[in-house]
Amino acid sequence: MNESYDLIVIGGGPAGYHAAIRGAQLGLKSACVEMRNTLGGTCLNVGCIPSKALLESSEHYEKAHHDLASHGVVLESVKLDLAKMLKRKDDVVAQTTKGIAGLFKKNKIAHIVGKGSLEGNNRVKVLLADGGEKIIEGKHIVLATGSVPVDIPQFPADEVRILSSTGALSIPEVPKHLVVIGGGVIGLELGSVWRRLGSKVTVIEAMDRICPFLDGAISREFQKILKKQGVEFLLSSKVLSVTKTSEVELQVKVDMAGKESEIACDYVLVSVGRKPYSEGLGLEKAGVKINARGFVEVDEHFKTSVKGVYAVGDLVPGPMLAHKAMEDAVACVERICGVAGHVDYSLVPWVIYTHPEVAGVGMTEEEAKSRGYEVRVGQFPFMASGRARAAGDVDGFVKILADAKTDRILGAHMIGAKVSEIIAEMVMAIQYCASAEDVARTVHAHPTLSEAVKEAALGVSNQMIHL
Ligand code: NAI
């Protein structure tokens, strides 16, 4: 007889492990099929967590070089031990993925290592690491296989010189010149890591601005600050070819708004987006519908076109963000169990972990205007914050948008130190339909960076105190 479960989750990333744990909490006998030996998916193994470990380490290195002296901390010499930095990153990953394995044990979730695919009739086939296979049965099957980097077919990533985000986390030397194709989140985070460690970094972006999804004012300020840090940008530019000129050298041919030029470099990072990963998942055979871009189609209950099969996370349309995937997964399993799970997709925050950090939630100014809102804007620079000056971290600002008629907050956007943490206040405020005045009248501890939020909220009605 086949092993049988109430819930089988295929994929053990942020979506998958959340689905399995929430299922177990709600009393479902749960299994999670994951083809990596470790749990946590892209995020924990080769994404969010290792990149944040390197961002943290490289920021310490840069501070030791450039900032500490201004605090009166004089270091005789600063040396980079790259091997140790990379090992620390690997240790952080190992501890974090082991933590999820511990949670699985605690919740009595079966962790099946192998590649799962739909076999029809509530069955999942698992190709095991030893070459064998087994069939398991589940009343409910949740697909959570995530996404993979988009390759450029003319020069696919070899992870030696032409890197995807995975390879860029483990370059064994500091590149002399790293060319980043795609000025989005991954390109700017990983580009920042290697620039801080000493690389020349050139970002080639097809659009006329970096991170085109950001509020315009934030995107412009972000580019200005990164440029000041030494990152070079070629905007409105397309890469025509990447050619290996020797074992260690590459030639990148670029079309810059109609003008061709060539750049010599030793590493290329391709970060032009991610696509849903459903290779070998048996979607077609099982009759699961996908859309033209390869995303699995689901209804508001995360149900696919096949009864008993659900899909969540990067595999379904929506922002490809770990926290969105986690919320999808919890809501999906709660609905399976008759609990009223819910995700407000208009309030999924985003963060870019460069220095300064960038974060936002809700509508951008451009979006609010295009949707017909009369918008009032409050904007407060960190330069005017006592805490930011004390920290020596004065770049950036907080921008809050409110509806001129009702004062209801429509969006909040920020660039500055630690805004990845500050954004949560604005998510909560908008979630509870706060007005700008509500936030402006909320007591914020002094001196804190979050006072910039209060000031920006005051700015919506021209009442800022410190400006
Ligand atoms: P992205 O969509 O953020 O950026 C890709 C950029 O490449 C865009 O600006 C696009 O205009 C540009 N581009 C596309 N084709 C190009 C070409 N041929 N030449 C030059 N430029 C080109 O994608 P990215 O950075 O690869 O990230 C993938 C996904 O992972 C995103 O959905 C992102 O949100 C997510 N992610 C989120 C993180 C976070 O929340 N901090 C961290 C890392 C990834």
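Each residue takes its place number in the sequence, starting with 1. Whatever order the structure lists them in is the order used to number ligands and atoms, beginning at 1.
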Student: May I ask you to list the atoms of ligand 1 that are less than 4.0 angstrom from any heavy atom of I181?
Tutor: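 Going through ligand 1 atom by atom, the ones under 4.0 Å from I181 are 19 (N), 20 (C).
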Student: To which of S420, S271, C211 does the heavy atom nearest atom 5 (C) of ligand 1 belong?
Tutor: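 It is S271 that holds the nearest heavy atom.
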Student: Carefully, step by step, assess E300 and R335 under the rule salt bridge (Lys or Arg N to Asp or Glu O under 4.0 Å).
Tutor: CA-CA 10 Å; E300 70 275 23; R335 285 184 184 202; 5.9 Å; no
Student: Got a salt bridge between K224 and E221, using NZ or NE/NH1/NH2 to carboxylate O under 4.0 Å?
Tutor: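 Yes, charged N to carboxylate O under 4.0 Å.
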Student: In terms of atom number and element, which parts of ligand 1 are under 4.0 angstrom from non-hydrogen atoms of L321?
Tutor: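 Taking each heavy atom of L321 in turn, ligand 1 has 34 (O), 37 (C), 40 (O) under 4.0 Å.
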Student: Say whether V351, considering both its backbone and side-chain N or O atoms, lies within less than 3.5 Å of an N or O atom on ligand 1.
Tutor: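 Among all N and O atoms of V351, at least one is under 3.5 Å from an N or O of ligand 1.
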Student: What atoms in ligand 1 come closer than 4.0 Å to a heavy atom of I204?
Tutor: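 It comes down to these atoms of ligand 1: 20 (C), 21 (N).
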Student: Rounded to the nearest 0.5 Å, what separates atom CE in M85 from atom OG in S58?
Tutor: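 One finds 6.5 Å between CE of M85 and OG of S58.
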Student: May I ask you to list the atoms of ligand 1 that are less than 4.0 angstrom from any heavy atom of M320?
Tutor: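 Answer for ligand 1: 32 (O), 34 (O), 35 (C).
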Student: Look at atom CD of E425 and say whether more than 12 heavy atoms of other residues, nucleotides or ligands are closer to it than 6.0 Å.
Tutor: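 Yes, because the 6.0 Å sphere around CD of E425 holds more than 12 heavy atoms from other groups.
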Student: Check the pair E59, K63 against salt bridge (Lys or Arg N to Asp or Glu O under 4.0 Å), reporting the backbone distance first and the verdict last.
Tutor: CA-CA 6 Å; E59 200 177 325; K63 281 203 165 131; 3.4 Å; yes
Student: If you count the atoms of ligand 1 from 1 in the order shown, which ones are under 4.0 Å from a heavy atom of G182?
Tutor: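 Atoms satisfying the 4.0 Å criterion: 6 (C), 7 (O), 12 (C), 21 (N).
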Student: Near V185, which atoms of ligand 1 are under 4.0 Å from a heavy atom of that residue?
Tutor: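 Every atom of ligand 1 under 4.0 Å from some heavy atom of V185: 3 (O), 25 (O), 37 (C), 38 (C), 39 (C), 41 (N), 42 (C), 43 (C).
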Student: Please say whether E189 places an N or O atom under 3.5 Å from an N or O atom belonging to ligand 1.
Tutor: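 Yes, E189 has an N/O under 3.5 Å of an N/O on ligand 1.
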Student: May I ask whether W350 places a heavy atom under 4.0 Å from ligand 1?
Tutor: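 No.
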Student: Are any of the N/O atoms in G273 less than 3.5 Å from those in ligand 1?
Tutor: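 Yes, at least one N or O pair falls under 3.5 Å.
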Student: Got a sec, which pairs hit salt bridge (Lys or Arg N to Asp or Glu O under 4.0 Å) with one end in residues 146-171, sequence neighbours left out?
Tutor: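 Of all non-adjacent pairs touching residues 146-171, those that pass salt bridge (Lys or Arg N to Asp or Glu O under 4.0 Å) are D158-K244, R161-E173.
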Student: Indicate yes or no: does an N/O atom of F213 lie under 3.5 Å from an N/O atom of ligand 1?
Tutor: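 No; the residue has no nitrogen or oxygen that sits under 3.5 Å from a nitrogen or oxygen of the ligand.
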Student: Charged N to carboxylate O under 4.0 angstrom, D395 versus K228?
Tutor: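 Yes.
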Student: Check each atom of ligand 1 against the heavy atoms of P212 and keep those under 4.0 Å away; list them by number with element.
Tutor: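 Listed by number with element, the hits are 9 (O).
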Student: With nothing but distance in play, are any N or O atoms of R274 less than 3.5 Å from an N or O of ligand 1?
Tutor: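 In fact, backbone or side chain, R274 has no N or O that close.
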Student: Taking N or O atoms only and a 3.5 Å limit, does I186 qualify as a polar contact for ligand 1?
Tutor: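 Yes, at least one N or O pair falls under 3.5 Å.
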Student: Is E421 atom CD crowded by more than 12 heavy atoms from other residues, nucleotides or ligands, each under 6.0 Å away?
Tutor: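 12 or below, so no.
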Student: Counting from 1, what ligand 1 atoms have a heavy atom of Y353 closer than 4.0 Å?
Tutor: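 Heavy-atom distances to Y353 below 4.0 Å select 41 (N).
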Student: M207 near ligand 1, heavy-atom distance under 4.0 Å?
Tutor: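 Judged by the 4.0 Å heavy-atom criterion, M207 does count as contacting ligand 1.
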Student: Does atom CD (E297) have a neighbourhood of more than 12 heavy atoms from anything else shown, all under 6.0 Å?
Tutor: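 Yes.
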Student: Indicate yes or no: does K52 engage E56 in a salt bridge with an N to O separation below 4.0 Å.
Tutor: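 Result for this pair is no, no salt bridge flagged.
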